Asks: 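I'd like to ask you about the structure that follows.
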Amino acid sequence: MGEPRGLDLSLSRDESGAQLLTATIENLGSTALSDIALTATPSAAVSLGSVTQAPATLAPGETGTAVWRITGNAAITDGAVSVSAAMTEQGSSQSVKRSLPVVLGGPVEPGLRTAGFSTYLSPQAVQDGRTIAVQSSGRDIGNDGDEYSTVYAPDGLSEDGSVTVKINAVEGAFYRTGLAVWNDLSRLADAAVADKSTGYATLVAEPGWVAFRFDQNGDGVIDTQVAQAGVSARPIWLRIVREENTLTGWYSTDGTAFTQLSGTVALVGADAGALDAGVLHSSADRTSVHARAALTTSTATFSDLTFTNESTAPVITSGRPNDAVVGDQYSFTLTATRASSFSVVDGALPAGLNLTEDGKIEGTPTEAGVFSATVEARGAGGAATQEIRIIVRDVAPAAPVVVSEREATVPSLATGAGVIDVRNEAEHPAAYEVTVTDAAGATVHSTELTVDSGATASTRAARLKAGSYLITVVGDDGSPEVTTEMVIADGTFSEVPEPWKSGQPGGATSQSLGVDGDQIAIVRQRSNDISGENSTKTDSYSSVYRSDVLGANDFVQVTVTGQERVSDFTKTGIVIRDDLSVSTAGSSGASNGSGTSSGFAALVVTPTRGIRFTVENSGSNWYPIEVAATTPWNVAQTITTPVTLRLTRENGTTLVASYSVDGGATFQPIGSRAGFFTSKPRAALDAGVGHVANGGLQGPVSTAGFRDILFGADIVAPGLSATATAPANDGAGDGAATATLTNQTSRDAFMVVTATRVVDGSVVFQAGTKVDADSEATMTIPRLDAGDYAVTARDERSGAVGDATVTIDAAEAIEITPSVATRCVAGKVHLYASVRNDSSGPVSVTISTVYGTKSFLEIPPGKTVALTFNTRFGSIPTGVLDFAATSSDGASVSVPVAYAAATCR
């Protein structure tokens, strides 16, 4: 029978900010489903409007979605929605139903962030004016892993400041709801997160109580209570006051008179400077500590989240405004933390553009040129100013050229990818927002590429299912928007080319298995387990591997891109063995295909039991010894794919297991095993990937996907150097550097180059490029201000990173005095242009007009030069001459000069 157990519900927002409900149904059975109908039913005060409908039929492995626009009848609405799926399989009716609690309203303001524990329910937060509603599930705060949802201000609490909030109401029989302070509130304290943040404290209201707690041992989890007071009144106001790294907790029942709790918190591991701070809420369903089912959800409403300190003055966060084109509608939104209004306090915007109080620069420009203005963002904590420059062009620049390369996906999984190349055809650098959306309109990839004139930059959209995708590229220079379609197909994965091999011992079977580029797939596999605990001590698995590749001091690394769950202990990952072509049927220790083989170990990820590392029992060819795992066997833990596994062999007889959730950039150790394969410590072992459905030889099927299996010699940090190539003129952002990348491996690589401003840590450039094996490539990093930059190059296959630094000098100021006049010669209008070099060194000047372009080279300081343009017309309209001056060190300035209409009679 078909198994529509893929019916999942999720909330998102479209580009207008409207909330969307998406229902995704997947046919995990072996026969087609027909007459599929998805029906959504809202609770009271919730309304639904259909956007797209699910397909009426689904073949095995196919996925369908239905989307509704979901609204509440009040500014903030707490409710629920359920979706029922009815279908027919071989004449038999089936149905399944899922429900999702929802909180509806506007998005939180730009200066705030939302994060939280999401295994049971993705964190939801909405805002209306000064009121914030947060919906959460979770077991508790302070039980090995803290589970909550939060809305917070990054770096919102300075070393001498406070944060205050009013708790209006909270649902549920039990809850922990209030304020949190942390180095990084986006890094959850869930037990599955190895690298937790420190500097952590909470002040929470509970039914009848207020409690002040913190992380005393520095492991990133609340463990110590400082004070508690019996307070049952609601609403209640909570306040945390910080003096350097000492916190005090306060509460009030009227918002005016505050009572201090006894005791103070000395933060452990707190960062210097400002910390993240905001509200948090956990439904604290403590009765279900080991439950796999969805936990209780509840909603808390807060208002008047207030920060009082110097650091809570607004900080303008929007980047460089987009360029404009004369006559075209223009829109750009200024953003700032904790700002309530924006205004222009100096200079002027281009004619035709206006700044609204909420930060939108909009209108239709009427005049070309470069315009500078100082804008102010003002909030309760003060004001911040920033100078902005808007370039208005006479005509739109050339549209970028977009090309995409496609990588097939493993059937029924989301492992496909597309490499999107964007070529800048304009005569100036530009930044392009690249967005990839699926057939339902959901964004699956978004990034910004900064590309020099005539150059190409790339980005890689990954984790794509089979289907059609729309690529949209929007430049910030006023160039036309470009859209193109990209289709991701299911791969066949039926070929195992040399030097790869495959094996399916122990009765395991699969529909297909094979290698396609950097991907490996084992499709629709059936098997028992790879464990000697069965009666025959026979391992049952499917593998794709290479022979004799893992030396005595080497490692093997692979990224598991997806797996289908058959049981809690479906296993997908790395397998090594003296001979992977055979299974085990005893303990003879023979190898090379003679029936059994030793030297066996596995490092695997499971759907709900974390990552597990197991090694054979002293050469007995089967492995009942589990060395280490990220969670006990009877405690649920989901580590979402993709996850990168690494198994390291040291001196032939020690194995070390580790994993990475950031693509191989950093690895977390799991455990090690000494005394491994002591009979052949110097022998090279077979190594590859393995998959175990673990549902029986006639049981349900499971598919697994892998990418980028690499060995020690394949992982070398990219060589990287960065050289300044142009200084930066004041306020123009026209400095540049060249990055030289060296691929020091014998395989092709896709590298992503990032430039970060050292003074504030902001990313100012990012672009990808393909680098052939043992080759170099160069990339221009444009649009830089004067200052120091850290540059990195990351190999996307291995996660290895190379780094460099570069300094962009400030350009020597160029000063010129241009002028233009009209004269009549033989009945034709001539433009008489002159320019004086007021700089301290020689400059070259190019004068451009619709009637031609002329240049002067190396004009000495203090000298004036002039020339004439013959328009060849007896009458001309008003126009502009552009005087572009360049110094010997690469500094430049462009000065437009207007001239009046003229007629010669």
Side-chain angles (χ1 to χ4, degrees), residues 321-332 344 346-355 361-373 388-399 426-428 477-480 729 731-732 734 814-839 843-857 859 862-886 892-905:
N322 296 343
D323 297 350
V325 178
V326 172
D328 288 354
Q329 184 68 31
Y330 179 85
S331 179
F332 180 82
V344 176
D346 193 20
L349 297 175
L353 299 186
N354 297 290
L355 174 61
I361 301 174
E362 53 191 10
T364 303
T366 59
E367 180 183 350
V370 180
F371 302 86
S372 297
I388 62 172
R389 297 171 76 247
I390 297 179
I391 298 173
V392 181
R393 305 184 187 279
D394 280 314
V395 295
E427 297 180 354
H428 49 262
D477 62 345
S479 56
N729 289 284
D734 55 358
I814 297 179
E815 297 182 8
I816 59 173
T817 302
S819 66
V820 61
T822 57
R823 295 178 180 177
C824 292
V825 179
K828 304 297 183 183
V829 180
H830 287 236
L831 296 175
Y832 179 80
S834 68
V835 59
R836 185 177 71 238
N837 178 13
D838 297 322
S839 307
V843 298
S844 298
V845 178
T846 298
I847 307 172
S848 301
T849 177
V850 294
Y851 306 108
T853 299
K854 297 183 180 182
S855 299
F856 290 106
L857 300 179
I859 304 172
K863 184 175 178 61
T864 299
V865 295
L867 53 77
T868 299
F869 289 92
N870 182 356
T871 70
R872 304 184 188 280
F873 293 98
S875 179
I876 63 171
T878 58
V880 174
L881 263 66
D882 183 71
F883 293 76
T886 305
S892 62
V893 66
S894 180
V895 181
V897 179
Y899 56 85
T903 299
C904 295
R905 298 187 184 277

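Predicted model only: the values in this text are computed from it and were never measured.
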Asks: List the residues meeting side chain to side chain contact (heavy atoms under 4.5 Å, CB included) with A866, not counting sequence neighbours, and say none if there are none.
Replies: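 A866 satisfies side chain to side chain contact (heavy atoms under 4.5 Å, CB included) with Y832, S834 only.
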
Asks: So which atom in P365 and which in V325 form the shortest heavy-atom distance, rounded to 0.1 Å?
Replies: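 Smallest heavy-atom distance, with atoms named: CG-O, 3.3 Å.
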
Asks: Between D477 and A426, which heavy-atom pair has the shortest distance, and what is it?
Replies: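 Here D477 and A426 meet closest at OD2-CB, 4.0 Å.
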
Asks: Sequence neighbours left out, what passes side-chain hydrogen bond (donor to acceptor under 3.5 Å, both in side chains) with S848? Give chain and number order.
Replies: none

Asks: Would you please name every residue forming a side chain to side chain contact (heavy atoms under 4.5 Å, CB included) with S855, sequence neighbours left out?
Replies: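 For S855 the side chain to side chain contact (heavy atoms under 4.5 Å, CB included) partners, ignoring immediate neighbours, are T846.
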
Asks: Just to verify, which of I816, V835, T864 counts as forming a side-chain contact (heavy atoms from CB on, under 4.5 Å) with I859?
Replies: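 Result for side-chain contact (heavy atoms from CB on, under 4.5 Å) with I859: V835.
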
Asks: Who are the side-chain hydrogen bond (donor to acceptor under 3.5 Å, both in side chains) partners of D734, not counting sequence neighbours?
Replies: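 Only N729 meet the side-chain hydrogen bond (donor to acceptor under 3.5 Å, both in side chains) criterion with D734.
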
Asks: Under the rule for side chain to side chain contact (heavy atoms under 4.5 Å, CB included), what residues qualify as partners of V825, not counting sequence neighbours?
Replies: H830

Asks: Quick one: list whatever passes side-chain hydrogen bond (donor to acceptor under 3.5 Å, both in side chains) with D346, sequence neighbours left out.
Replies: none

Asks: Yes or no on side-chain contact (heavy atoms from CB on, under 4.5 Å) for V845 and I847, after CA distance, side-chain angles and deciding distance?
Replies: CA-CA 6 Å; V845 178; I847 307 172; 4.0 Å; yes

Asks: To the nearest 0.5 angstrom, please state how far the CZ atom of F332 sits from the CG atom of L353.
Replies: 12.0 Å

Asks: So how far is it from L881 CG to Y899 OH, rounded to the nearest 0.5 Å?
Replies: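 So the gap between those two atoms works out to 6.0 Å.
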
Asks: Kindly write out the residues that satisfy side chain to side chain contact (heavy atoms under 4.5 Å, CB included) with T886, not counting sequence neighbours, or none if the list is empty.
Replies: S892

Asks: Identify the heavy atoms of G852 and F869 that sit nearest to each other, and give their distance.
Replies: O-CE2, 3.5 Å

Asks: Between C824 and T903, what is the shortest heavy-atom contact and its length?
Replies: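 In this case the closest contact between C824 and T903 is SG-O, 4.0 Å.
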
Asks: Could you pull out all donor-acceptor pairs under 3.5 Å where a side-chain atom in residues 391-399 meets a protein atom, sequence neighbours excluded?
Replies:
residue: R393; atom: NE; partner: D323; partner atom: OD2; Å: 3.4
residue: R393; atom: NH2; partner: D323; partner atom: OD2; Å: 2.8

Asks: Measuring only between side-chain heavy atoms, which start at C-beta, is L831 closer than 4.5 Å to I876?
Replies: yes

Asks: Is a donor on one side and an acceptor on the other found under 3.5 Å between the side chain of S839 and the backbone of E815?
Replies: yes

Asks: Any side-chain heavy atom of I361 within less than 4.5 Å of one from I388?
Replies: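 Yes - at least one pair of side-chain heavy atoms lies under 4.5 Å apart.
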
Asks: Y330 side chain to G352 main-chain N or O, any donor-acceptor pair under 3.5 Å?
Replies: no

Asks: Is there any salt bridge (charged side-chain N to carboxylate O under 4.0 Å, His left out) pair reaching into residues 816-839, and which pairs are they, with sequence neighbours excluded?
Replies: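 Matches after skipping sequence neighbours: R836-D838.
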
Asks: Looking at C904 and V829, what are the two nearest heavy atoms and their distance?
Replies: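 In this case the closest contact between C904 and V829 is SG-CG2, 3.6 Å.
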
Asks: Taking only residues two or more places apart in sequence, or in another chain, which ones meet E427 in a side-chain hydrogen bond (donor to acceptor under 3.5 Å, both in side chains)?
Replies: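 Testing E427 for side-chain hydrogen bond (donor to acceptor under 3.5 Å, both in side chains), a comparison that skips the adjacent residues, returns none.
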
Asks: Does atom NZ of K854 have more than 12 heavy-atom neighbours, drawn from other residues, nucleotides or ligands, at distances under 6.0 Å?
Replies: yes

Asks: Can you name the residues that form a salt bridge (Lys or Arg N to Asp or Glu O under 4.0 Å) with D328, not counting sequence neighbours?
Replies: none

Asks: Which pair of heavy atoms, one from V897 and one from P818, lies closest together, and at what distance?
Replies: CG2-CG, 3.6 Å

